[in-house]
Every structure is written in C-alpha cells, then in structure tokens.
Amino acid sequence: MCQVDEDYHDQLEHADAPSVSKKCAKCKEATAAVVIRAGDTYCRDCFKEYFIHKFRAMLGKNRIIFPGEKVLLAVSGGPSSCSMLSQVQEGLSQNAHKKLRFLPGIVYIDEGGAVGQSVEERRRTVAELRALFRATGFPFHIVPLEQVLDLPGSVVTVAPSPSEQPASAYKAAVDHFIQSDGGSRLTPQEEQETSHPDVQESHTQSLQQLIGSAKTLTAREDLLSTLRHHVLVHTARTEGYSKVMLGDNCTRLAVKLLTSISLGRGAQLAQDTGFSDSRYGDIILVRPMRDYSAKEIAYYNRMFTVSSVFIPGLDTMATDKASIQRLTESFVTKLQAGFPSTVSTIYRTSEKLQTVCRSSSTADLFDRCLLCMCALDTAVEDASAFKATQISEKLSQTKSPGAPRTKTQRQIQAPVESESTAPSRQCCSSGGENCGRAAAGGGGCCSSAKLSETTNLKSLMCYSCQLTIKDMTSVERLPQYILSEAQRRQRRSQMREEISEFLLDEGDGGD
Amino acid sequence: MAAPIAIHLEFGGGAELLFDGVKEHHVTLPSQSEPWDVKQLLVWIQQNLLKERPELFVQGDSVRPGILVLINDADWELMGELDYQLQDQDNVVFISTLHGG
Amino acid sequence: MATEHQKPATQQQQQAGVSSFTLVIYEQENFQGRCHELTGPSNNLQEAGVEKVGSILVLCGPGAKKPGNLQTQRLAMPVLCSSCAEKRAALKRPKTGHSLCKDCFFWAFEEEVHQTIVAAKLFKHGEIVGIAASGGKDSTVLAHVMKLLNERYDYGLELMLLSVDEGITGYRDDSLETVKRNQQQYELPLKIVSYEELYGWTMDAIVKQVGLKNNCTFCGVFRRQALDRGAIMLKVDKICTGHNADDVAETVLMNVLRGDIARLRRCTAISTSSEGDGVVPRCKPLKYAYEKEIVLYAYFKKLDYFSTECIYSPNAYRGYARTFLKDLESVRPSSIIDVIHSGENLSVRDGVKMPVQGTCNRCGYISSQALCKSCVLLEGLNRGLPKLGIGKHHRLHGKILSQQPLTEKEERKLKAVDF
C-alpha cells in the first residue's frame with residue numbers, strides 16, 4: 001500500500017561519492033588519517049585530542065558520577081569497553097583540572113560457559129585479560145557467568161536509591177574534592193583482585209542447560225544479556241560500587257534501539273539505550289561511550305594500540321537471519337553504508353525518549369518485570385496490541401459459534417457501544433477460578449499444571465520478557481533466585497487480594 | 001607488466017575467524033598486466049586466503065558493510081577505497097566492527 | 001484414562017512391542033499440553049475427557065483405525081484445526097502459530113476486527129462511515145468485513161465506498177473497475193473524487209513535470225486531502241482506511257529510522273480525533289490484522305481485488321523498512337505486533353519540540369506551516385517550480401501568500417529536477 005504522505009527527503013540523501021580532503025579539517029596542516037562522521041577528516045593528533053575530549057565531555061555533561069565515587073567498569077574484552085578502560089586511565093593521568101575524580105574498578109564476566117568455550121579456551125582468555133587488567137593498576141574482578149546460579153533473590157528486587165541530590169551538589173562536591181586532595185591519592189592502592197574461581201563442571205552444565213532451554217537464538221541472546229546484567233549488578237553491590245559503566249557505543253546503541261523495538265521493548269527503550277539507567281535503584285548503569293561510533297573506536301584502538309581480546313559470542317558466525325539481534329545489526333550496518341546518517345539519526349531518537357512510569361509508586365515491586373526489572377508494560381488499555389494478541393490467542397483455541405451449521409440460529413451479539421464482551425470463552429469445564437487468573441496472565445487456559453506455571457510466571461514479566469519465556473521449552477531451568485522471587489511475589493499478591501477488601505485506599509493495584 | 005608485490009595483510013575484530021584465526025598474513029601478489037588495486041586484492045583474498053563464509057567478508061565487489069579498512073594506518077576513504085593502487089610493502093588492515101564477526 | 005505425562009514418547013516405545021499401536025493425543029500443537037493414550041478404538045473422545053486435539057502421535061502402528069471421528073493415517077497426520085478440533089486446518093496463523101480450518105479462521109479474523117472496533121470505540125450508532133477503497137486487498141477485505149460486521153452486530157452504520165482517482169493510466173483506471181464491481185457486490189454507494197477535478201492535475205501529468213523521484217510525495221499529500229474532500233461531499237462522519245498491522249509496524253520503523261519523534265508518537269494511534277474543519281476523523285479497523293491473514297482471507301473468500309503495484313512507486317527508503325519487517329517476521333512471526341506494542345508504549349521526553357498544528361492560510365486545511373503541503377505543491381506545479389514543495393522552503397510561504405515574486409536564484413533552485 002502506497003502511503004507516502006510525508007516529506008523526508010532532506011535527511012535521507014544517499015552517500016555521495018567521497019570527495020574528502022587530504023588535510024586535517026581541524027589543524028589544517030597535518031595529513032588526514034581518519035574520516036569520521038559527516039566526512040570530517042582528522043590527523044592523528046587532532047583525532048586523539050577529539051576522542052579524549054569527548055569522553056570527559058560526556059561525563060561532565062551528565063554530572064552523574066561524583067568525585068570519589070566507586071565506579072565499576074564492565075569490560076567484555078571487546079573494542080568498545082577496552083577503549084572505555086583506556087579512556088579512564090587517560091583521564092586519571094591528566095592534570096588536576098581535567099582529571100577524572102572517581103575510583104575505578106574493573107569487572108569481566110566470563111561467559112565462556114554459556115557460549116560453549118572449552119575450559120582451556122576460557123582459561124586462556126581469562127589469563128589474557130588478567131594481564132591487561134593488572135597493567136592498569138585498578139582493582140578487578142573476574143566473575144564466571146556460572147555465578148548466576150547462586151545469586152541471592154535481592155538481585156531481582158529494587159533497592160532504594162540514595163536520596164536525590166540537587167544539581168548544585170555536584171559542583172560543591174567537585175570543589176570540595178579539588179581542595180581537599182588535588183587528586184594524587186589514587187596511586188597507592190593495594191592491588192586487589194578477585195580471580196576466577198575454578199568453575200565446577202556441573203555448574204557449567206546447568207548454565208548450558210539454562211541457555212539451551214531457549215529454543216531460538218533471539219531468546220537465548222536476550223536471556224544471556226539479562227543474566228549478565230544480574231551478575232554485574234550483584235558484583236557491584238557486593239564490592240561496594242554505586243555505578244557500573246557499560247561500553248555500548250553509538251553504533252551498538254542504534255542497533256540496540258531498533259532491536260528493542262522489534263522485541264516489543266518500546267516502553268523500556270529509554271533505559272535500554274539512554275546515558276543512565278536506574279532500574280536497579282541503588283546501582284546506576286551508565287553508558288559513557290554512547291557518542292562514539294564503532295568506526296572511531298576501531299581506528300583509535302588501532303592507532304593508539306589499545307588492545308582488546310576477541311571473544312566469540314552466541315551469535316559469532318551466525319547468519320543474518322539467525323536472530324532478531326543479528327538481523328537488526330546487519331540491517332543497520334547495510335543501511336548505514338548507503339545512508340551515512342542512519343546510525344546518528346536512530347541514536348538521536350534515543351535521546352528524545354524517557355521512561356514511562358505508569359504506577360505512582362515506582363518502587364512497587366509488583367510493577368517491575370521479574371527478569372529485566374523494568375516497569376511492567378502489560379497493564380494496557382483495551383484497544384492495544386497486547387490485548388489484540390490475547391484475543392487472537394483465545395479465538396484460535398475456542399470453538400467458534402460462527403461455524404456454518406449454527407449460522408442460522410445465531411442471534412445478534414454485542415452492540416457497538418457495549419462493553420467488550422469477549423466471545424463466549426469455553427475454557428476449563430472445571431476449576432473456573434484458576435482459569436480466570438491464567439487467562440488474565442496472557443496465555444491460553446485449559447492447560448496442565450506445568451503450563452500454568454509458565455503462565456503465572458509470565459504475569460510477572462513485561463511484554464518482551466514474556467516473548468522470551470514463550471520461546472523456552474521450560475522455565476524450570478531458570479536460576480533459583482528468579483523462581484523463588486516469583487513465588488514470593490505470587491504469595492504477596494495473593495495475600496494482598498485476600499486482604500484487599502479491608503484496605504481503604506490501595507484497591508487492587510497490584511494485579 | 002607490473003612486477004609482483006609483497007604486502008602485509010592484517011585481520012582483526014573477529015574478521016580473523018574467517019582466515020583460520022590467523023591475524024597476520026605476508027603475501028606476494030603475482031605479477032599481472034595492470035597494477036594491483038584494492039578491488040583486485042579483495043578478489044585475490046577471496047580466492048586464496050578466505051577459508052569460509054565469503055559473504056561475511058565481501059559483498060558485491062567491496063567489503064561487507066561494518067568491516068573497516070586501513071591502508072598504511074590511514075582510513076581507506078582517504079586513499080580512494082577500492083581504486084587505491086597497491087604498492088610494494090603496503091600494509092592493509094581489515095577490522096570487523098560487527099558483533100558476530 | 002486421562003493421564004499426564006512428561007515424556008510419553010519414551011514410555012510408549014517400550015510398550016510398543018506389547019500392543020500393536022498406540023495413539024497419543026495432545027491437546028496442543030507440537031505434541032504439547034495434556035495428552036491421552038489410545039490403544040484401541042474409541043467412539044467418543046469427549047467421554048474420555050478429550051476436548052481438544054492439537055496434535056497426534058502414532059507409535060508403531062501397523063494399521064491405525066479411526067478413533068472417533070478423527071481422520072487418521074499412519075504417521076502422516078493432517079493437522080487438525082486448533083479451534084474446532086474437527087476439520088483439517090487450512091492455514092497456520094502467522095499471528096499466534098495456531099492452525100485453523102477455513103471456517104474457524106474466517107470467524108476468528110472477523111471477530112478480531114469486531115473486538116478492535118468495540119474496544120477502541122471506533123464508531124457510534126447511526127454514523128455515516130466512508131470506507132477508503134482503492135480496489136486493493138486491504139480495502140477490499142475492509143469493505144467486506146465492515147459490511148458483514150455491521151449486519152452481524154447491528155452497528156447501525158451507514159456505509160459507503162470512497163475512492164480517489166489519481167489519474168494513473170494503466171493502474172488506477174483498472175483498480176477503479178474493481179472498486180465499481182465491489183460496489184455492486186456489496187451494494188454500497190460509491191463516490192470517486194479525482195485529482196483532476198480537485199487540483200486540475202492528474203498524476204500522469206504531475207510525473208511528466210516532476211519525474212519519478214518525488215512523485216509519491218505529491219500523490220500522498222493530494223490523496224489525504226482528496227479523501228477528506230470526498231468525505232465532506234458525501235457528508236461522511238468518519239473515514240476508515242485499510243491500514244493493516246504490517247503498515248503500522250512499518251511506519252513505526254520508518255519514523256525511528258528518520259528520527260521523526262512527532263510522527264513516531266502519532267503513528268500507532270488507531271484513530272485520529274477530528275482535527276478541525278475540513279478534516280474528517282479516520283480510523284484503522286484492520287490495525288491488528290496481519291497482511292498475510294488479509295491476503296489469506298481474501299483468497300479463501302475469493303474476494304475480487306486488484307493486485308498490481310503502482311507503476312510510479314519506487315519509494316526506496318520505505319522499501320528497506322518493509323524488507324526489514326518481513327525479515328523480522330520470518331525470524332519471529334509475532335514481531336509485527338511486537339513492533340506495534342513498542343510504538344504504543346514509547347514515551348517522549350518532556351521538552352522535546354513538537355510541531356504545532358494550525359490551519360492553512362489559503363485553503364483552511366490543517367497545517368503546521370502558513371501554507372498546507374498540498375497548496376505549496378500545487379503552487380509549485382502551477383508555477384513550473386516543482387521543487388517548491390519538496391524539501392523545506394517554509395520561509396517562502398510568506399512570499400507565496402502575498403504573491404511577491406521569487407528571486408531569480410530562488411527560482412533556479414526550485415526548477416531543477418533530476419530525472
């Protein structure tokens with residue numbers, strides 16, 4: 001259907017044949033070495049200066065990291081996070097005025113067990129990274145993803161965030177910091193490292209079974225990223241860090257934004273792709289690399305010998321259509337090749353979004369997704385995609401009164417203005433009570449105990465995490481902390497229902 | 001007739017996986033009637049070095065989008081991209097910025 | 001008889017030597033859900049507690065008999081309708097993955113549109129509703145379903161067909177024939193408004209002047225107003241259009257790709273409120289219907305529709321979004337509805353500038369600028385400066401309104417058209 005009722009010809013001009021100057025656009029003297037966004041050519045030195053300035057500017061603009069605060073750098077070994085690490089080092093070596101003033105530590109999550117690396121390969125990768133980390137002098141923590149199996153339930157509960165500090169507090173804190181020590185304190189830190197404990201084989205197997213219980217690569221990648229976040233946040237909490245820095249660059253965030261949309265995570269976009277993400281309450285995730293393109297980082301790392309370690313992931317060597325994440329990446333990259341403003345345009349969209357807070361009490365656990373910890377987006381109005389899907393599911397499983405032989409007897413049903421009367425649901429002939437609950441949770445009814453467990457679990461999740469769970473053969477392999485938190489929430493909501501008639505103002509808010 | 005030239009090739013960011021995990025290659029391009037350019041180099045790599053999944057490295061007659069190229073440590077966009085004429089002892093680097101590289 | 005099994009298959013294989021065959025009936029597709037074993041003939045499955053059959057597994061049967069009224073063959077089983085559990089399924093729904101027979105599909109499809117109409121309160125009793133009819137699959141199915149639901153559920157609506165003749169030889173003249181046939185089949189009044197009578201230009205003439213590159217802009221802008229004008233002539237209260245789920249999802253993606261936050265926010269709305277004089281409220285009853293299902297519905301119902309691409313539509317960028325969406329759908333079929341869910345739940349940061357809607361100083365149509373798009377495009381065509389409406393030339397609006405001449409430089413810029 002042709003429906004072009006919009007004008008958008010200005011932004012989407014095709015890439016013109018390159019007519020780049022050979023001189024640096026900044027100093028106008030040295031020979032150019034890199035072409036960055038918008039066709040600007042930079043020489044080596046100007047490129048370095050520009051790159052370093054951008055990091056500090058990003059942190060300065062957002063004023064979220066306070067002087068003296070402990071910040072955990074999540075380093076995956078990839079080019080972006082290694083570049084971030086080198087920028088922090090760079091920032092700490094600057095003179096007092098430009099110096100970064102927080103206390104960094106490093107965490108590496110070893111996902112080798114989940115992606116099927118051998119013990120030998122994992123050991124080698126860890127050794128390589130340990131050498132890299134040791135050279136920085138920062139404390140570091142090497143955590144195997146297997147640890148996710150032993151996390152406490154607190155990981156999926158929101159911790160209260162420290163009280164909001166007024167904007168003026170930041171400046172005061174900086175001034176105080178500069179006066180008090182001039183920033184020479186960081187060097188004598190004793191070397192502190194949590195090294196990779198030997199992972200039990202049975203743990204690795206359990207982890208592989210957990211990841212393997214997702215039938216599609218899309219769900220597997222989604223699950224892995226959720227678990228990774230949980231381990232990151234847990235590590236930060238136990239080691240006393242209040243911020244976690246993630247290495248997502250602008251190219252990756254553009255892909256992530258489009259992926260999130262495709263996965264039904266529209267409501268969570270701001271948290272998934274913004275500069276800071278406070279879904280966990282006490283621990284704030286920040287993305288200081290979000291202004292750099294993948295190209296800038298690759299060139300910087302190459303020119304200034306920032307080493308990174310290539311570690312294969314779940315989708316390494318996978319085809320373009322192996323998963324939604326993969327497909328989106330290849331789509332954005334190809335489009336970017338033809339329309340050079342693609343990435344930056346998508347990325348700018350992310351800056352215009354914010355987190356929705358449907359419920360008045362944001363700290364209310366019952367409104368948070370059991371997996372991704374974002375506010376639930378499933379309490380939507382009647383005419384919505386979510387409700388429409390539920391209706392489709394129901395209609396595809398119930399006998400239609402509209403079957404030909406009953407056609408003549410059918411009487412006219414619901415007039416337009418009346419309340420949405422769902423078509424005669426013929427669910428469970430027995431146990432009507434339970435059935436109503438299950439149907440509200442989004443799945444079909446009339447199912448065995450095992451299925452209804454999935455259904456109940458789903459009601460605690462956001463739209464997108466429900467899709468992931470739907471792609472899993474069973475939820476039994478989920479780590480215990482998730483399952484027991486689910487039970488706890490279910491008990492709570494049951495209790496709340498029981499006492500609801502005695503409560504004056506709370507109503508039945510929590511589903 | 002142009003003489004054979006020796007060049008240094010490097011693959012990184014995961015692109016090396018397509019070359020048996022070998023990152024550095026010293027190769028000699030045979031002599032041919034016209035001078036070697038990057039376009040021909042890509043064909044040569046595909047025929048002589050690439051071990052698997054050529055579609056993950058080349059697309060059409062260029063590299064797959066998302067793979068960056070540096071010639072003698074400078075952006076290939078500055079060097080004429082596919083039309084750059086290779087010289088003896090040139091250093092050509094291919095870095096994949098793709099996650100699944 | 002009714003037993004619950006985790007893994008009946010392995011159990012059955014062990015027993016296979018004992019009895020000659022075993023049937024395992026599962027409530028859901030893909031051998032999931034509650035299951036029941038049959039080792040002999042059964043004349044009434046419901047007595048055995050079976051209410052639905054989603055899939056059947058035959059284990060080691062030399063000659064399976066017919067249990068109940070189920071048609072069974074050895075190993076190769078026809079999939080049964082997951083809804084009525086009686087007839088053979090005719091299609092697998094891309095939306096939910098269920099397999100349905102034709103009749104159950106028709107019913108489900110129609111019922112879903114009905115539920116959408118009811119839930120979103122799209123119409124009021126006694127309203128006159130114009131169905132935007134192009135002769136294509138979407139609008140043909142829309143007209144069919146609207147007529148059917150209006151009768152089935154006594155909406156009390158007065159329906160009519162509304163068509164726009166863009167003046168594209170070999171495309172629109174053919175599709176309009178389809179609309180005229182539809183008019184007779186459905187016994188609905190039809191109004192055709194043409195670009196020629198409204199604007200004095202046919203698309204054929206416009207393409208002659210502007211070339212193929214930007215003609216979709218003209219066509220789209222003109223069509224929107226043409227529908228409104230036609231609706232006003234017919235005294236229609238509402239227009240419904242054939243936009244389906246794929247169209248909406250694609251528009252969400254498009255608006256992300258071009259960073260158009262204002263449209264991103266608006267584009268998932270199922271209906272527009274009345275925006276002012278000259279604009280008739282619109283709605284999309286097929287918003288949650290997959291394109292695939294619309295095509296299947298039209299195919300099974302043998303609806304008469306016209307299926308040729310517009311000869312002037314080379315719109316590349318939208319094409320990318322479309323291809324991406326189709327790829328997404330093939331990876332995870334629910335993606336289309338998932339994208340719409342995303343679009344419905346986006347929230348824009350406070351303080352992001354949004355265009356203010358006003359009215360056109362010339363024709364009074366809604367516009368965020370001094371002149372509406374359609375008047376600017378028309379001005380450009382009439383003056384022989386086709387580029388006037390393409391790209392942003394807002395600062396020229398004042399000049400056009402006060403009929404000041406343009407400078408030579410301005411004229412030169414607007415004339416150049418690349419073919």
Side-chain angles (χ1 to χ4, degrees), chain A residues 1-5 7-12 218 258 261-267 269 321 323-324 327 331 335 342 345-346 348-349 352-354 356 377 382-389 391-393 395-400 402-404 412-417 420 423 447-448 451 463 467, chain C residues 4 33-34 82-84 93 95-96 98 100 103-104 107-108 111-112 115-116 118-120 123 125 136 138 153-155 216-217 220-221 224 247 256-259 261 270 288 310 313 315 317 320 324 327-328 331-332 335 337-349 352 390-392:
Chain A
M1 173 177 248
C2 175
Q3 42 169 338
V4 194
D5 49 358
D7 56 318
Y8 48 88
H9 300 266
D10 330 275
Q11 313 107 308
L12 301 181
T218 305
L258 209 52
I261 288 192
S262 311
L263 293 176
R265 293 185 60 81
L269 270 191
K321 282 173 115 187
S323 71
I324 288 180
L327 176 71
F331 171 72
L335 204 57
T342 303
T345 309
I346 300 175
R348 274 205 305 279
T349 311
K352 296 174 189 154
L353 301 168
Q354 70 175 8
V356 224
D377 55 353
D382 273 352
S384 64
F386 183 57
K387 286 280 154 63
T389 311
I391 289 170
S392 291
E393 295 267 350
L395 286 173
S396 303
Q397 294 175 70
T398 50
K399 208 162 183 171
S400 61
I412 290 161
Q413 297 182 12
V416 189
E417 290 299 330
S420 153
S447 39
S448 67
L451 264 163
Y463 181 94
L467 293 174
Chain C
E4 304 255 345
R34 232 137 84 124
S82 65
S83 180
C84 66
R93 299 195 78 183
K95 206 172 174 180
T96 64
H98 292 99
L100 293 185
D103 286 325
C104 288
W107 188 74
E111 199 59 31
E112 281 165 28
Q115 294 290 333
T116 306
V118 172
F123 307 112
H125 197 94
D138 299 303
Y153 291 110
D154 193 20
Y155 288 172
C216 284
T217 309
V221 171
R224 190 181 163 89
D247 295 327
V256 172
L257 290 179
R258 51 167 115 107
I261 205 83
I270 192 163
Y288 297 118
C310 170
S313 114
N315 186 8
Y317 209 75
Y320 292 123
F324 177 52
D327 285 346
L328 279 177
V331 177
R332 179 186 265 180
S335 292
I337 233 62
D338 301 342
V339 169
I340 300 179
H341 173 81
S342 279
E344 286 173 348
N345 287 282
L346 283 178
S347 148
V348 175
R349 187 191 288 269
V352 170
I390 301 163
K392 293 208 170 13

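The sequence lines fix the lettering, A, B, ..., with proteins before strands; numbering per chain opens at 1.
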Fill in: Check: C:Ile261 and A:Leu353 side chains under 4.5 Å, non-hydrogen atoms
yes

Worksheet entry | From CG (C:Leu257) to CZ (A:Phe331), nearest 0.5 Å | 5.0 Å

Practice prompt. For residues A:Leu258 and C:Phe324, determine if any side-chain heavy atom of one lies less than 4.5 Å from a side-chain heavy atom of the other.
Written response: yes

Worksheet item: Checking heavy atoms, do the side chain of A:Leu269, its backbone, both or neither come under 4.5 Å from chain C?
Response: side chain

Worksheet entry | Winner by heavy-atom pair count (cut-off under 4.5 Å) against chain A, out of C:Asp338, C:Leu328, C:Val331 | C:Asp338

Practice prompt. Output the distance between atom OG (A:Ser384) and atom CD (C:Glu344), rounded to the nearest 0.5 Å.
Written response: 5.5 Å

Worksheet item: Which heavy atom in C:Ser342 sits nearest to a heavy atom in A:Gly266, and how many Å separate them?
Response: OG-N, 2.9 Å

Practice prompt. Compare all side-chain heavy atoms of A:Gln397 with those of C:Thr96 and state whether any distance is below 4.5 angstrom.
Written response: no

Discussion item. As an exercise: rank A:Leu327, A:Thr349, A:Ile324 by heavy-atom pairs under 4.5 Å with chain C and give me the winner.
Written reply: A:Leu327

Worksheet entry | Stepwise side chain to side chain contact (heavy atoms under 4.5 Å, CB included) check, A:Leu263 with C:Arg332 | CA-CA 9 Å; A:Leu263 293 176; C:Arg332 179 186 265 180; 3.6 Å; yes

Practice prompt. Indicate yes or no: at least one non-hydrogen side-chain atom of C:His98 is less than 4.5 angstrom from one of A:Leu395.
Written response: no

Worksheet item: Are A:Ser396 and C:Arg93 close enough that a side-chain donor and a side-chain acceptor fall under 3.5 Å?
Response: yes

Discussion item. Given heavy-atom pairs under 4.5 angstrom as the criterion, report whether the side chain, backbone, both or neither of A:Arg265 touches chain C.
Written reply: backbone

Worksheet item: Are any non-hydrogen side-chain atoms of C:His341 and A:Thr389 less than 4.5 angstrom apart?
Response: no

Worksheet item: Using a cut-off of under 4.5 Å for heavy-atom pairs, which of C:Asp327, C:Ile270, C:Ile340, C:Val339 has the most such pairs with chain A?
Response: C:Asp327

